[in-house]
Amino acid sequence: MANSRRLCNYVLVLMGSVALVGWVNSGSTMGDIERFVRARDAAGLRKMSSLELANDKSAFSFLNTGGMYGGGRDGWTPKLLIDPVDQKQYVVLGAKLGGEDIGEQVFELTDKKLVRKISESEDFGVKLTHHDFDIRFDIPAKKVAVTDRITLTPDATPQNSFQFRLGSHFVIASIEDAAGKSVPFRQVSGVVSVARPQTKTKYTLKYFGILNLPVIGGMIRDDEASLAGDLWYPMIARNPATHTATIHAPAGWKTIAQGSEVAPSKFQMNLPTCYFSISTGKYRSESIQDNGITIRTLSAKLTQDQMRTQNEFAKPIFRTLKTFAPYPFKSFTFLESRCMFGGALEAYSHATYPENWLPAEEPHEPAHSWFGGILPNTYLNSLWNESFATWFETYYLREGSLCKRSEARRTFIADARPLSSFNDLTCAEANCERGSSASDIGYQKGGFVLQMLEFVIGPEKLKEAIQDMIRAHKPGDSTDWPDFEAAVNRTAQQDMKWFFDQWLRRKGSPQFSVSKVRWENGEVRGLTQFVGEPYRMPVDVIVEYPDGKRELKTTTLGEGTEFKFACPKKPKVVSIDPFCKLLRDYGTNDLPATVEGIAKSLKRYSPNDTVSMSNDIFGKLQAQNYLATLPKEATGIAIFDNPERNPHAKKLCAKAGITVSGGKATYDGTTINLKQGGFAAMVADGAGKWSVVGYGNVKVTPIFGRAKVCLFDQYGRVLRAKTEPLMSGRLAFNIS
């Protein structure tokens, strides 16, 4: 009976909202606004705006750009919101939106004109610092009912009301103050205007929502309920907050939420963050202990062995992350969820992944425990934390993986190819409201920029800067690029403004050519010409002498037009940026050939009775790529067979420097058991035609990077790698 009575109250609230909207839409002002919004006509809305708002070219750009994850793709619906205290009028442009993406758009309406955009970063002089949730799932109805006791701290701003936001599929049933007295409020879509407290206090909110939003929001299935990726809780300016959560789920289900489980299905999250996730379902579990952390995997589908594999992957990842700062929790959980679609989602003490993603050597979401967790990001200014998580994907492989460090640093470099979207925004302004270009820039360009900074100041200095940024951070405050820039300047012991000016505060990427490379008077000299504003780019150079010996040099492109560096002997070849570290345009021959790339382009031979890694190592094979028999001239083929019985494979192994004997493979002093690991190598014949050889047994596809030869363990983790610098292409020059 209690549930029926509560549902009746919710229906009355909904009916009241609908009636209000219907009344307003009968007026010409809202009718015109709706017509322009549905037509995505920004110019029409500017005609209905004050001069100041009309001159703000970005005020209505969301109509056509949407959010970085596609928020607003289905259009926007304008509704009138009347403040319950001072009766101010606001137009709310509502849409179905997911977490971290663009928020609903709010404009103040005065005398039938839109006079001001209410930025989502506006906090109305109120901070929401803590939530105390009681969450109940109704699985058959796909409904969640939430009671949230929020802690509010107002400042001295003379305002009578404030606004908070949550997903538009949630309906606020009631708001009460600390004395149990009803607090005036009005809700339109996901925007709620409510009477503002004058002193620090608690409000109790009761609300419900239907969870059936695949891709962008919460979901309930017969065997699982998820509040991951959903704006299921009230937010003011997306400021970080702590929370506790008591979750009522069906008997026998396992529940995961942020922070520490302090009682059965009760979690306490003492780290202030911007985004919260909760999931519960019929999961199985597998866990291990490593250096004081419980690492766990939850899934309804993965086998116990697959979950153990996922836990094994996590150990070196967390050991590397802990060099930045101590991990703030006692456990981390990898959750495979049938309610998750598309990408994975961080939750700082756990992460949620869609099916068929795990097990994987996956550093990105764990990195968010530091970049987004310890250091929160609202996404309203930039996507700096996504840049850091993307950068960490290859930093971990260079600096923290099991691979020999000197080899890893050359093998695991992200291919920093520019996208056309890099011309739309700068890293500093690419936020959740700026469309898909912001996603490209936040995830990709920002990661490339950090990789280049690592190569400029060195990995140790970059690590020190991150440590410094974390030490300087105040819990409860969000972080952004300027905080990191200040930390770099402190630790690098040099003014790096030039670097951040050109890479964070400038659109696009460098367009340049190099010419007139020559050797004279004990120096290599050359001319750099830029299209547009020049860049300052410290860069590696390899000089190769006539006897085949090579030396690594450094120079700087862009300071003036000529570069030069000392080179006492005349070289035969000069290769600029031979390890392809710069963010720049790469031609067809400007990136090195790799074992992975070559193998995917070849036909493959793998006998049926071979314990072969071919299906795991390079993905599922297409039927037309198989060779039933091995040709007599076995060149230009990927051979996955035991070299101890296949003479062609044995010959290719010998050329690659790999010996196989007694079920073991040895490369450069490192030996692995082929029942618990494997190898892969690319080998050129006399005509320069590539072949690939590989054999072994692995659980997960390796991450090869730019390797030409590699050994890996049973989990596919690379132990040894051979990578060659690029000595051809547009930036390689023969010195006559």
Side-chain angles (χ1 to χ4, degrees), residues 2-7 9-10 13 98-99 128-151 164-176 187 190 192 202-213 216-235 241-283 298 333 335 337-340 345 347-352:
N3 285 341
S4 298
R5 192 159 49 246
R6 187 182 299 117
L7 180 59
N9 290 335
Y10 293 152
V13 171
L128 197 169
T129 57
H130 182 75
H131 303 258
D132 184 6
F133 298 111
D134 186 272
I135 300 166
R136 297 177 182 272
F137 292 104
D138 182 339
I139 304 303
K142 297 186 180 297
K143 185 177 74 175
V144 63
V146 182
T147 298
D148 184 10
R149 297 173 180 85
I150 60 175
T151 301
F164 68 79
R165 305 181 186 214
L166 76 171
S168 60
H169 52 292
F170 289 95
V171 176
I172 306 292
S174 66
I175 301 178
E176 295 180 348
Q187 176 181 4
V192 182
K202 294 181 185 291
Y203 278 3
T204 299
L205 284 61
K206 292 185 178 180
Y207 57 98
F208 87 103
I210 303 299
L211 300 184
N212 190 25
L213 293 174
I216 67 169
M219 283 282 292
I220 291 181
R221 302 171 60 100
D222 291 342
D223 58 355
E224 186 178 14
S226 174
L227 286 168
D230 203 340
L231 293 174
W232 60 271
Y233 48 93
M235 302 180 78
T242 57
H243 70 268
T244 58
T246 301
I247 299 102
H248 304 271
W253 287 24
K254 285 184 171 66
T255 299
I256 181 68
Q258 286 169 242
S260 302
E261 190 168 12
V262 295
S265 295
K266 182 173 182 178
F267 293 79
Q268 184 169 316
M269 177 65 164
N270 294 328
L271 183 69
T273 57
C274 302
Y275 298 99
F276 308 159
S277 288
I278 290 172
S279 294
T280 183
K282 295 180 180 180
Y283 309 129
L298 293 178
T333 300
L335 169 65
S337 170
R338 296 178 68 198
C339 293
M340 199 71 184
L345 181 69
Y348 320 119
S349 59
H350 73 277
T352 310

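- Of the options Y207, F170, F133, a ring-ring contact (aromatic ring centres under 6.0 Å, His included) to W232 is made by F133 and by none of the others.
- When all heavy atoms of S277 and L345 are compared, the closest pair comes out as OG-CD2, 3.6 Å.
- To the nearest 0.5 angstrom, K254 atom NZ is 7.5 Å from L298 atom CG.
- Between R136 and D138 there is no salt bridge, since no side-chain nitrogen of the basic residue lies less than 4.0 Å from a carboxylate oxygen of the acidic one.
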Q. Can L166 and I172 be said to form a side-chain contact (heavy atoms from CB on, under 4.5 Å), step by step?
A. CA-CA 10 Å; L166 76 171; I172 306 292; 4.3 Å; yes
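- Atom NE2 of H130 is separated from atom CD1 of I150 by 11.0 Å, given to the nearest 0.5 angstrom.
- Shortest non-hydrogen contact noted between R221 and W253 is O-CH2, 4.4 Å.
- Surrounding NZ of K266 are at most 12 heavy atoms belonging to other residues, nucleotides or ligands under 6.0 Å away.
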Q: Check the pair L227 / F276 against side-chain contact (heavy atoms from CB on, under 4.5 Å), numbers first and verdict last.
A: CA-CA 8 Å; L227 286 168; F276 308 159; over 6 Å; no
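- Between the OG1 atom in T244 and the CZ atom in R149 there is a gap of 9.0 Å [rounded to 0.5 Å].
- You'll find the side chain of M340 stays beyond 4.5 Å of the side chain of S226, heavy atoms only.
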Q: Using the side-chain contact (heavy atoms from CB on, under 4.5 Å) rule, take M235 and Y275 through it: C-alpha gap first, then chi angles, then the decisive distance, then the call.
A: CA-CA 9 Å; M235 302 180 78; Y275 298 99; 4.2 Å; yes
Q: List the steps and the verdict of side-chain contact (heavy atoms from CB on, under 4.5 Å) for L205 and F164.
A: CA-CA 12 Å; L205 284 61; F164 68 79; 3.5 Å; yes
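- Here Y233 and H243 keep their ring centres 6.0 angstrom or further from each other.
- Side-chain contact annotation: T246 with D134, donor-acceptor N/O pair under 3.5 Å absent.
- Shown here is N212, whose CG atom has more than 12 heavy atoms of other residues, nucleotides or ligands within 6.0 Å.
- H131 and D148 make their closest contact through ND1-OD2, 2.8 Å (heavy atoms, listed as atom of the first residue, atom of the second, distance).
- Here the closest heavy-atom approach between residue T255 and residue S265 is recorded as OG1-OG, 3.9 Å.
- The minimum heavy-atom distance between G259 and M269, with the atom names listed, is N-SD, 3.5 Å.
- Closest approach of I210 to A141, counting heavy atoms only: CD1-O, 4.1 Å.
- With values rounded to the nearest 0.5 angstrom, M219 atom CE is found 9.0 Å from E224 atom CD.
- Atom CG in D230 sits 6.5 Å away from atom CG in L211 (nearest 0.5 Å).
- In this structure, OG1 on T280 lies 8.0 Å from CD1 on I247, to the nearest 0.5 angstrom.
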